[in-house]
2 protein chains.
Amino acid sequence: MVLKGCILANYEDIAGLARVSIATVSHVINGTRFVLPETQKRVREAMKKLKYRPNLYARGLATGKTNTVGLVISNINNPFYPELVQGTEEVAVKNNYNVFLCSTDYDLKKGLSTIGALISRKIDGIILASSQIDDSIINEIIDYGINFVMVDWGNRNIKTDSIIFDYRVGIQEAINHLVDRGHKRIFFISGPKKHKTSIVRINNFVESIKNLNKGDLEYKIVGGNHKLEGGYKAAKEIIKSDKIPSAVICSNDFTAIGAMHSFMDSGLKIPDDISIIGLDNIKLTEILKPSLTTIELERYNIGKTLMQLLINRVDKPELPLQKKVFKTKLIVRESTS
Amino acid sequence: MVLKGCILANYEDIAGLARVSIATVSHVINGTRFVLPETQKRVREAMKKLKYRPNLYARGLATGKTNTVGLVISNINNPFYPELVQGTEEVAVKNNYNVFLCSTDYDLKKGLSTIGALISRKIDGIILASSQIDDSIINEIIDYGINFVMVDWGNRNIKTDSIIFDYRVGIQEAINHLVDRGHKRIFFISGPKKHKTSIVRINNFVESIKNLNKGDLEYKIVGGNHKLEGGYKAAKEIIKSDKIPSAVICSNDFTAIGAMHSFMDSGLKIPDDISIIGLDNIKLTEILKPSLTTIELERYNIGKTLMQLLINRVDKPELPLQKKVFKTKLIVRESTS
DNA sequence: ATGAAAGCGCTAACAC
DNA sequence: GTGTTAGCGCTTTCAT
């Protein structure tokens, strides 16, 4: 028994001061049965006098409900996450939940051990928003009967509450926007091909081009890696090719920024010589010169929705499967013309 | 009693399977007394078979220690925080802690209620890294006898474990760097004057200028607000003045970026016509064109240190006061010449 | 309208 | 070398 450096009161103290039983204290606090107003008053006064704070550990042990959730992300330094995290936290706090923030750091092993820690902490549910989630992790959670909600990055359509992104609208808007401005050769710089989400984006791009193609559109997929440096290299490659495109759409904003720098370093003017479009709408895209036209993912709303879905599930385990699709949309800035 | 949708085993189950008492199970798990290797083996096998996970709520209730800490920040969208948060989380996980991430959203009331939630959650300690911390919050924590560590933004020298920033080295380096390159008129765009941290930065700037002044240096403080827009406005003001400085140091990176845009919009070339230096070294400073020369705060290390100090304190409450000073240093990039 | 007491899963003092 | 049992602070059933 570790010494608690604390003056913390408990039900017994309150009951003593208010001359009632601890059961009554509990019922006053939770409003779970009728207590005479007069008695209530005595209890509340005692609570105030003792600066009472409920012990959620004890309550959790007794009820099996902890009002705590785990949020598993890849890494908070990835600019995709801060807004999402904020969204989840806000909804959590409004509903009297607190959230354990956990990073997988792009490592499946770390992800798995994180899940173990969360289970031991008796969280009421888990939000899986890391892109490194595999079946071992999902099965672990299911085995222990834990509620969870996930971002289904690769549209695998997993049988659980989840949100998925529909890039099609945004990508289509991007292509329309370019075609409207007379662009005929549009390249796409992809993410790493082993990521489901990269594949989805590539497919959506090709699909959208084909939707619109009256035979006069040319396109090509160039490999990138979702990092600045990959975008930079891909752009260098593009410059060397015979026919330089007049516009480039990139699989994410970092790629777009890398490409932008690359083109600028080669003396090309943006958007005069070449137009660039990113995807994600991370914060810094509006700070750049020229600011980046990009396809928006509403990360803040995504965060809010994830937490809301989870809380729904916790409140009503028998709820039918919840799926939400987040459409994307084009944000026009200075990097296209 | 809420139904727990769980197959979770407890000591009783393990004890039954292994044909020992629950005390023995506990001692095997915690290594708290000698148990025959053979008995240990039976217990461990039973644990494995039952996929046992300790219930940290029960353990916490019994021991008074939860291996949980609260991290209070202003808002994760402030680019100052992600790296700090990552640092704290990494050290926490290494030490078997988990962290509740809480935002004050620049609101003292929200901060106070956050603290209440954390106390009820029986956290072992709190890291206060929000810039909105006042005495009411600190007193609340002290009243309840909770361990805490804080970022003493305004160098108030509060009597608790804390870290403070020493901007002097970095600012001095920045000024030296400029003077070495022949700059004689150096302006400073400040943060909001009601923030202690802004005041400290202004004072350090003036001090550093005076240290170096052989009578040929001119300076001036222009008001900003630590946001893009404030930097933009301040720079506009500067351009209108009689004597335009050849260099500007800014109280934070956002201010510097705002100023940079403002100067560029007015047709000035950076760094040819005017040099700019920021402070914080947030991630996007290296992505800009031109990339921003800035004064670094090692946020990742700050995060790691904060958590380490807290864990030290939790492990040894009688430890003497811990104070760490983080020096700043100049990172030279393209925005100065 | 309120109290007594069992029990949540664990730790640790005490017993043998 | 191991077992028994009294809590930790709360909820909740059963009594009255």
Side-chain angles (χ1 to χ4, degrees), chain A residues 1-43 46-47 50-68 119-122 124 144, chain B residues 1-43 46-47 50-68 119-122 124 144:
Chain A
M1 178 56 197
V2 172
L3 187 69
K4 283 171 282 181
C6 59
I7 48 168
L8 288 179
N10 60 18
Y11 279 14
E12 212 181 314
D13 303 324
I14 301 174
L17 231 178
R19 320 187 106 264
V20 296
S21 73
I22 62 166
T24 297
V25 175
S26 172
H27 286 117
V28 168
I29 287 176
N30 299 302
T32 34
R33 84 177 176 198
F34 183 85
V35 178
L36 275 183
E38 182 183 301
T39 317
Q40 284 205 29
K41 203 179 147 222
R42 289 211 312 282
V43 172
M47 285 171 57
L50 297 169
K51 293 195 101 201
Y52 175 74
R53 295 278 183 183
N55 179 330
L56 263 36
Y57 262 67
R59 187 177 286 172
L61 188 57
T63 61
K65 173 116 198 305
T66 60
N67 272 45
T68 292
I119 294 177
S120 274
R121 293 217 130 81
K122 305 272 113 191
D124 291 330
Y144 283 96
Chain B
M1 175 57 197
V2 172
L3 187 70
K4 284 171 282 182
C6 59
I7 48 167
L8 287 178
N10 59 18
Y11 280 14
E12 211 180 314
D13 303 324
I14 301 173
L17 230 178
R19 321 187 105 263
V20 296
S21 72
I22 60 165
T24 298
V25 174
S26 172
H27 287 117
V28 168
I29 287 176
N30 299 301
T32 34
R33 82 179 179 196
F34 184 85
V35 178
L36 274 185
E38 186 184 300
T39 316
Q40 284 206 29
K41 204 179 147 220
R42 288 211 312 282
V43 172
M47 285 171 56
L50 298 169
K51 292 195 102 205
Y52 175 74
R53 294 277 183 185
N55 179 330
L56 263 34
Y57 262 67
R59 187 178 287 172
L61 188 56
T63 61
K65 173 117 198 303
T66 60
N67 273 45
T68 292
I119 294 175
S120 275
R121 293 219 132 81
K122 304 272 112 191
D124 292 330
Y144 283 97

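In what follows, chains are A, B, ... by sequence order, proteins preceding strands, each numbered from 1.
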List in chain and number order the residues that pass side-chain contact (heavy atoms from CB on, under 4.5 Å) with [X], two or more places apart in sequence or in another chain; answer none if no residue qualifies.
X	answer
B:Thr66	A:Tyr57, B:Thr68, B:Lys122, B:Asp124
B:Leu36	B:Phe34, B:Thr39
A:Ala18	A:Val20, A:Arg42, A:Val43, A:Ala46

Q) How would you list, by chain and number, every residue that makes a side-chain hydrogen bond (donor to acceptor under 3.5 Å, both in side chains) with A:Ser120, sequence neighbours excluded? A)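 With neighbours one apart ignored, the set is empty.
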
Q | side-chain hydrogen bond (donor to acceptor under 3.5 Å, both in side chains) involving B:Asn67 - partner list, sequence neighbours excluded | A | B:Lys65

Do the side-chain N or O atoms of [X] get closer than 4.0 angstrom to the phosphate oxygens (OP1, OP2) of [N]?
X	N	answer
A:Tyr11	C:dA4	no
A:Asn55	D:dG9	no
B:Asn10	C:dC10	no

Rounded to the nearest Å, what distance is computed from the [atom1] atom of residue [X] to the [atom2] atom of nucleotide [N]?
X	N	atom1	atom2	answer
B:Tyr57	C:dC8	OH	C1'	13 Å
A:Leu61	D:dT11	CG	C1'	10 Å
B:His27	C:dC14	NE2	P	13 Å
B:Leu56	C:dC8	CG	C1'	15 Å
A:Arg59	C:dC10	CZ	C1'	20 Å
A:Lys122	C:dC8	NZ	P	13 Å

Q.
Any heavy-atom pair between the side chains of A:Asn30 and A:Ser26 that's under 4.5 Å?
A. yes

Among [options], find the nucleotide with the atom closest to the side chain of [X].
X	options	answer
A:Ser26	C:dT11, C:dA13, D:dT12	D:dT12
A:Ala58	D:dC10, C:dC8, D:dT5	D:dC10
B:Ala62	C:dG3, D:dC10, D:dG7	D:dG7

(Q) Measuring from atom CG of B:Leu50 to atom CD1 of B:Ile14, what distance do you get when rounded to the nearest 0.5 angstrom? (A) 6.5 Å

Q.
Among residues 32-41 of chain B, which ones have heavy-atom contacts with DNA chain D below 4.0 Å?
A.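 Heavy-atom contacts with DNA chain D come from B:Arg33, B:Phe34, B:Val35, B:Leu36, B:Thr39.
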
Q) Does B:Arg53 have any salt bridge (charged side-chain N to carboxylate O under 4.0 Å, His left out) partners at least two apart in sequence or in another chain, and if so, which? A) A:Glu140

(Q) Tell me the bend of the helix from C:dA1-D:dT16 to C:dC16-D:dG1 as the angle between end helix axes, each from five pairs, rounded to the nearest 10 degrees. (A) 50°

Q) With sequence neighbours left out, which residue pairs that include part of residues 16-40 of chain A fulfil the salt bridge (charged side-chain N to carboxylate O under 4.0 Å, His left out) condition? A) none

Q) Which is true for B:Thr24 with a 4.0 Å heavy-atom rule: it touches a base, it touches only sugar-phosphate, or it touches nothing? A) sugar-phosphate

